[in-house]
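Below, chains carry the letters A, B, ... as their sequence lines are ordered, and counting in each starts from 1. These values consider heavy atoms only, across backbone and side chains, with no hydrogens, waters or symmetry-generated copies.
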There are 2 protein chains.
Amino acid sequence: MATRTRRSQRRTEALSRERIVEAAVELLDAAGEGGLTFRALTERLATGPGAIYWHVANKSELLDAATDAVVAAALAIEPAESPDSPRGKIRAVALGLFDAIDEHPWLATQLATQLSRSPWGSVTPRIFESIGRQVGAVGVPEGSQFTATSALVHYILGAAGQNAANGRVLGPDVDRGEFLDAVSKAWEELDPDDYPFTRSVADQMREHDDREQFLAGIDLVLAGITALHLPNGQASAPPAT
Amino acid sequence: MATRTRRSQRRTEALSRERIVEAAVELLDAAGEGGLTFRALTERLATGPGAIYWHVANKSELLDAATDAVVAAALAIEPAESPDSPRGKIRAVALGLFDAIDEHPWLATQLATQLSRSPWGSVTPRIFESIGRQVGAVGVPEGSQFTATSALVHYILGAAGQNAANGRVLGPDVDRGEFLDAVSKAWEELDPDDYPFTRSVADQMREHDDREQFLAGIDLVLAGITALHLPNGQASAPPAT
DNA sequence: TCCAATCTGGTATGCCGTTCCAATGTTGGA
DNA sequence: TCCAACATTGGAACGGCATACCAGATTGGA
């Protein structure tokens, strides 16, 4: 091993910020938020902490970079059947983020804290821009665009955040059906006096589909925007799921 | 000191789960998420870690308990001018949560993680129930109640989560005006080619009011529910902010 | 009065992020 | 070709954290 060569080639491969972020994402995906430690990182990269700290200021910056990388990748994906209506594009962007959070559950918490900690960071504008452009294209007047876009972004992050971990945090081997069943049962056993509503929708919770539900929420917000911020209901009708 | 007495009176006051949770909330409020350590807790309660661990299984459970306590208190508050319309009540519940998160910024992250970690915990049903009841009262048919309520709850948590920390995480002494100004300026300096929309709403971001904006989003979702899930637009007209 | 159950708080352990630094590899000028 | 500056590495060490352990204090019941 260590066939040291003369040119710019290193023993394994040059350590770089990129490679570190990549490894960080893998660790986060594999073991959740708690899985990213400098110890694990040094082991996986076969190096020491000092080398990592040379490329990255601290753990917080590393998390930000990992978040940024994943979000950028998610927003860059072009949907297979690219929709031409602005509403369709909004749904596509939202679904992209939804899927990204579903694939990287740690994103949910990370986005929530990062959005509030530094709205000037690169993540917020990226998401905001993607949604906002289409909001403008729908025909929302300028004065309402900030409100409408904010509402959409907040809904997306709130919904995706909750749905994300549902399946994963319990362990990747838990059956989704069983999980929903358990929650539904728990809801049905609540005190009928204190929780009449929650009990009554327990079966709807059991049978709901996350993505479908998520899109239904998007359509709800879009319908609200149409109703409140467009002169009439002229925009393209909300597409059927 | 330590005038040890014979009866059931202790030196300071009996240690109890309640007192521990109370102290935890105070520490969280004072110093944020990082402020809650068992060290600080033992110091404030003038005891040792063992005593605390007798009443509380681990830090995670303590955080859950603190979250639960604050949310329960927030939902229990009756608004001064109790609204009689279901929409008004939804707005009141939402504002209650918004204010609670504003007062206890750590709630944002905590709610996000807790909601996804254990939807059967006591927090989710509590919030869900409060909103859901009013959704039913608005006239949403049963089959759509789960969807409508989910959308509202997701929006509330997403929005409150972001707005919450805006003012606090930067330090309690940062002026809100300056903060928004800084963000707005940062947005205005983005690349015009990549971020036309974000640049165009930079001034709206500068002048927006968090609460007002939050309520506008609620109205948006409510309008969407009215449009999509009520036979006609019969429900009480959305209140003017 | 005694005992078992309950409760307390000090001490000890192992992992964490982070710092420090001696040792390496790399590069450009003489 | 050599060497001095520089960039990069990774090992050892530090303080702080959540948590486990346990010896002793306190208590209510027989």
4.5 Å side-chain heavy-atom contact, L41(A) and I52(A): yes
Non-neighbouring partners of E61(A) that pass side-chain hydrogen bond (donor to acceptor under 3.5 Å, both in side chains), sequence neighbours left out: R17(A)
d(CG, L27(A); P, dG17(C)) in whole Å: 11 Å
With sequence neighbours excluded, residues passing side chain to side chain contact (heavy atoms under 4.5 Å, CB included) with D99(A): R211(A)
Distance test, side-chain N/O of H55(B) to OP1/OP2 of dT6(C), below 4.0 Å: no
Atom-pair distance (CD1 on I52(B); C1' on dC17(D)), nearest Å: 14 Å
Closest to side chain of W54(B), choosing from dA7(D), dC7(C), dC16(C): dC7(C)
Test log, rule side chain to side chain contact (heavy atoms under 4.5 Å, CB included), inputs T67(A) and W106(A): CA-CA 9 Å; T67(A) 304; W106(A) 49 273; 4.0 Å; yes
Write out a two-atom table: protein N or O, nucleotide N or O from nucleotides 19-21 of chain D, distance below 3.5 Å.
residue	atom	partner	partner atom	Å
dT19(D)	OP2	Y53(B)	OH	3.0
dT19(D)	OP2	K59(B)	N	2.8
dT19(D)	O5'	Y53(B)	OH	3.0

Rounded interatomic separation in angstrom, taking CG from L45(B) and C1' from dC7(C): 15 Å
Aromatic ring pairing Y53(B)/F38(B), orientation class (parallel under 30°, perpendicular over 60°, tilted between): parallel
Distance, rounded to the nearest Å, where L15(B) contributes CG and dT27(D) contributes P: 14 Å
Residue from L97(B), D102(B), I156(B) passing side-chain contact (heavy atoms from CB on, under 4.5 Å) with F214(B): I156(B)
Residue closer to the 5' end of DNA chain C, G34(A) versus G48(B) (nearest nucleotide): G48(B)
Interatomic distance, R19(A) CZ vs dT8(D) C1' [rounded to whole Å]: 14 Å
Donor-acceptor contact present, side-chain T42(A) to main-chain R39(A), <3.5 Å: yes
Sugar-phosphate only, base, or nothing, as touched by L36(B) at under 4.0 Å among non-hydrogen atoms: sugar-phosphate
Between P of dC17(D) and CG of L62(B), the distance in whole Å: 15 Å
For atom CG of L41(B) and atom C1' of dA18(D), their distance in whole Å: 12 Å
